[in-house]
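Worksheet: one structure, shown below.
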Amino acid sequence: HAVPVDSLRSPAYTSRHGTSASIMDYARFNYIAQPEDGVTQFLPQMGEYDKWAIKWGYTWFGDMPAEEKEKILHEWTVERANDPKYFYGRQGNSADPRSQSEALGDNNMEAGRLGLANLAKITKNMTDWIQVKGEGFYDLDELYSQILLQWRRYMRHVVKNVGGVFETPKTYDQEGVVYESVPAHQQREAMAFLAEHAFADPPEWMLNAEILDRINQDGVVEDIRQRQVSVLNSLTDPGRIARLIEYDHRGQKSYSPNEFMDDLRGAIWTELDEDVEISVYRRNLQRSWVKRLEYLMTEDIQVSFWAGPIHIGQSDMRSMAREQLKTVYAEVRQSVTSARDRSTKAHLNDIKSQIELILNPD
């Protein structure tokens, strides 16, 4: 998170600094740079953090008393505390979007947008770049699978901003707090990105017939369903929603859980406002949304959380899920009569029946 996105598009910066402040960021390659940028250095290298960490850990102080050494080392740490190049993100922190492997740049959304642009360029040219006469399509299948895996990484990087909490270790002599919610505007930006790139119909590059007709017999629709639902389930993880509830009531100007639920509903159900045909991909996603909200509304189970178990059925999640299902139910009832095609009409009628059963199981 220490390197501005624009810097990773600079030939001069990347040649001098590589892709991140530390080789241990696992920033394996520069997916942000575009072909027209002229960047030639795409790999990580020893960074400012690494050199400082070596100095901190291996400076020879001779026979200096331990207390004095500790004081000097602490002073060095405090001097760099506000410089993002020297930030250390605790491994295993599931809430801080700054602590992510294989993530580049200081803005996950802009970095993801540029990364997706590169995936589109790659798929457009991939068959020409790798074809070998007399060879089958194993390599094409493998590379396309890796491209979809990279798409998932970009989505994961963005999801972590929603319900995110910055964790900045401090001592009593340092100003500021240790924990603070990711700014609301940043969370809204993340939701807008996911609405466009995770939940909309898959882009043309993902449905490249030149590739799919050679490697996939009949699993495209299901494969995309699984990938989109994976993002949806991660975004609606109870621990994430619990953090939204928590910081909404801590007095911080945070992204509220109700706004989050409204934004998610808006991203999943745009066709109800537009009265248009709902594609097979979106129908699958909408059914999955109903099932996920049913889980949040009806399950009275404990799930693991940073501070301990969460009782879903004893939190605001149940009432929020019920409200969202009721809202969609009312909108579907209005839309089903004007549905323009058979598949959309059948889908909306089925959604209406599913929600009725959830809201009135008896």
Side-chain angles (χ1 to χ4, degrees), residues 94 152 155-156 159 162-163 187 190-191 194-195 198-201 221-246 248 255-273 278-305 309-337 339 343-362:
S94 61
R152 180 66 183 91
M155 301 305 120
R156 183 190 71 214
V159 164
V162 181
Q187 298 193 52
M191 285 297 295
L194 294 169
F199 299 141
D201 278 328
V221 172
E222 173 60 17
D223 186 35
I224 290 175
R225 185 197 69 81
Q226 291 180 13
R227 294 178 188 280
Q228 289 185 314
V229 171
S230 175
V231 178
L232 174 65
N233 289 347
S234 178
L235 188 61
T236 54
D237 176 77
R240 190 180 315 282
I241 300 175
R243 290 193 294 271
L244 289 169
I245 295 171
E246 171 82 16
D248 187 45
Y255 187 48
S256 77
N258 285 319
E259 184 180 357
F260 160 70
M261 296 293 276
D262 288 345
D263 288 346
L264 178 61
R265 186 187 76 246
I268 301 296
W269 295 96
T270 55
E271 294 89 348
L272 298 183
D273 294 330
I278 305 175
S279 73
V280 64
Y281 305 105
R282 295 279 292 174
R283 295 197 299 268
N284 284 342
L285 183 62
Q286 290 167 359
R287 280 188 285 267
S288 298
W289 179 91
V290 171
K291 287 296 182 184
R292 190 62 172 173
L293 271 288
E294 179 185 15
Y295 164 76
L296 293 174
M297 196 192 90
T298 62
E299 293 293 337
D300 189 14
I301 63 174
Q302 298 182 28
V303 294
S304 60
F305 186 46
I310 300 172
H311 294 265
I312 296 178
Q314 299 177 38
S315 75
D316 283 347
M317 294 180 217
R318 171 167 289 185
S319 59
M320 290 190 297
R322 183 185 297 275
E323 180 189 52
Q324 294 296 320
L325 286 168
K326 284 185 173 181
T327 299
V328 168
Y329 179 77
E331 293 176 352
V332 166
R333 287 188 63 184
Q334 291 182 340
S335 299
V336 69
T337 56
S343 294
T344 296
K345 191 177 187 70
H347 167 66
L348 292 178
N349 273 316
D350 182 60
I351 290 292
K352 185 162 69 72
S353 297
Q354 284 188 49
I355 295 179
E356 286 173 349
L357 289 173
I358 296 169
L359 295 176
N360 303 289
D362 298 329

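- Remark: the backbone N or O of Asn284 is paired with a side-chain donor or acceptor of Ser288 at under 3.5 angstrom.
- Minimum heavy-atom separation, Lys352 to Val332: CB-CG1, 4.1 Å.
- Salt bridge absent: Glu246 and Arg243 never bring a charged side-chain N and a carboxylate O closer than 4.0 Å.
- A donor and an acceptor atom, one from each side chain of Thr327 and Arg265, are nowhere located under 3.5 Å apart.
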| message | Pair Thr270, Phe199 - check side chain to side chain contact (heavy atoms under 4.5 Å, CB included), show working. | response | CA-CA 10 Å; Thr270 55; Phe199 299 141; over 6 Å; no
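- Applying the side chain to side chain donor-acceptor pair (under 3.5 Å) rule to Glu356 yields the partners Tyr329; only residues at least two apart in sequence or on another chain are considered.
- The closest donor-acceptor contact from the side chain of Gln324 to the backbone of Asn258 lies at 3.5 Å or more, if one exists at all.
- In this structure, Arg318 CZ and Thr298 OG1 are separated by 7.0 Å, a value rounded to the nearest 0.5 Å.
- Listed here is the closest heavy atom pair of Met155 and Ala198: SD-CB, 3.7 Å.
- Contact record, Ala321 with Met297: CB-CB, 3.9 Å, taken as the closest heavy-atom pair.
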| task | I would like to know whether Gln286 and Glu271 meet side chain to side chain donor-acceptor pair (under 3.5 Å); could you show each step before the answer? | result | CA-CA 11 Å; Gln286 290 167 359; Glu271 294 89 348; 3.0 Å; yes
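- Electrostatic pairing of Arg225 and Glu222 counts as a salt bridge here, judged by a charged N lying under 4.0 Å from a carboxylate O.
- In terms of heavy atoms, Ala200 sits closest to Gln228 at O-NE2, 3.1 Å.
- One distance of note links CD1 of Ile241 with CG of Leu296; it measures 5.0 Å at 0.5 Å rounding.
- A donor-acceptor distance shorter than 3.5 angstrom exists from the side chain of Ser319 to the backbone of Asp316, with no hydrogens or angles considered.
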| request: List the steps, then state whether salt bridge (Lys or Arg N to Asp or Glu O under 4.0 Å) holds for Lys291 with Glu294. | output: CA-CA 5 Å; Lys291 287 296 182 184; Glu294 179 185 15; 3.7 Å; yes
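- Residue-environment remark: CZ (Arg152) exceeds the threshold of 12 foreign heavy atoms within 6.0 Å.
- No side-chain donor-acceptor contact under 3.5 Å links Arg287 to the backbone of Ile351.
- Leu264 CG to Met191 CE: the interatomic distance, rounded to the nearest 0.5 Å, is 5.0 Å.
- Judged by distance alone, the side chain of Thr337 and the main-chain N or O of Arg333 form no donor-acceptor pair under 3.5 Å.
- Scanning both residues, Pro238 and Arg292, for their nearest heavy atoms gives CD-NH2, 4.0 Å.
- With sequence neighbours excluded, no residue forms a salt bridge (Lys or Arg N to Asp or Glu O under 4.0 Å) with Asp350.
- Pairing each heavy atom of Leu325 with each of Ile355, the nearest pair is O-CG2, 3.7 Å.
- Within the 3.5 Å criterion, the main-chain N or O of Ile278 finds a donor-acceptor partner in the side chain of Arg283.
- Screening Val229, Val231, Asp223, Ile224 for a side chain to side chain contact (heavy atoms under 4.5 Å, CB included) involving Arg227 leaves a single residue, Asp223.
- Between the side chain of Arg240 and the backbone N or O of Ser234, at least one donor-acceptor pair lies under 3.5 Å.
- Classified by interplanar angle (parallel below 30°, tilted 30° to 60°, perpendicular above 60°), the ring pair Tyr255/Phe260 is perpendicular.
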| task | Verify side chain to side chain contact (heavy atoms under 4.5 Å, CB included) between Val328 and Trp289, making sure each step is shown before the conclusion. | result | CA-CA 11 Å; Val328 168; Trp289 179 91; 3.4 Å; yes
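- With hydrogens and angles disregarded, no donor-acceptor distance shorter than 3.5 Å links the side chain of Asp248 to the backbone of Leu244.
- With values rounded to the nearest 0.5 angstrom, Leu272 atom CG is found 9.5 Å from Gln334 atom CD.
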